[in-house]
Amino acid sequence: MTQNVGGIDRTLRILVGLGLIAAAATGTVGLWGYLGVVPLLTGLVGWCPPYALFGFNTCALKK
């Protein structure tokens, strides 16, 4: 698996994922908030299956 999620994208995914999980854990949103695990994991791993499927890549270009 080649990384296809870049720096800012990764940071946003991790923050959104943690925010959704925290909101679900505190009861602010319903159980759907635990779907925040998906962006959290893709941010931590640096690879997103839909990006790979559609050919997107937000990583910096390597020269």
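The model shown is predicted, which means the values in this text are computed figures rather than measured ones. Residue numbers run from 1 in the order of the sequence given.
Residues forming a side-chain hydrogen bond (donor to acceptor under 3.5 Å, both in side chains) with Thr2 (at least two apart in sequence, or on another chain): none. Under the rule for a salt bridge (Lys or Arg N to Asp or Glu O under 4.0 Å), Arg10 has no partner lying at least two apart in sequence or in another chain. The side-chain hydrogen bond (donor to acceptor under 3.5 Å, both in side chains) search around Asp9 returns Arg13, Tyr51, Thr58, not counting sequence neighbours.
Listed by first and then second residue, the side chain to side chain donor-acceptor pair (under 3.5 Å) pairs that reach into residues 29-40 come to none, sequence neighbours excluded.
Closest approach of Ala24 and Gly30 over heavy atoms only: CB-O, 3.8 Å. The two residues Pro49 and Thr42 make their nearest non-hydrogen contact at CD-CG2, 4.4 Å. When all heavy atoms of Pro39 and Gly17 are compared, the closest pair comes out as CG-CA, 4.0 Å.
No single ILVMFWY cluster, assembled from side-chain heavy atoms under 4.5 Å apart, contains both Leu15 and Leu44. Ile21 is not connected to Val38 by any chain of hydrophobic side-chain contacts under 4.5 Å among Ile, Leu, Val, Met, Phe, Trp and Tyr, and they are in different clusters. Under the 4.5 Å side-chain heavy-atom criterion for grouping Ile, Leu, Val, Met, Phe, Trp and Tyr, Leu18 is connected to Leu31 within one hydrophobic cluster.
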Chi angles and distances behind the side-chain contact (heavy atoms from CB on, under 4.5 Å) call for Asn4, Cys48
CA-CA 7 Å; Asn4 61 6; Cys48 178; 4.0 Å; yes
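Counting Ile, Leu, Val, Met, Phe, Trp and Tyr side chains that sit under 4.5 Å apart, directly or through other members, Val45 shares a hydrophobic cluster with Met1, Trp47. Counting side-chain heavy-atom gaps under 4.5 Å among Ile, Leu, Val, Met, Phe, Trp and Tyr, the cluster of Leu12 also holds Ile8.
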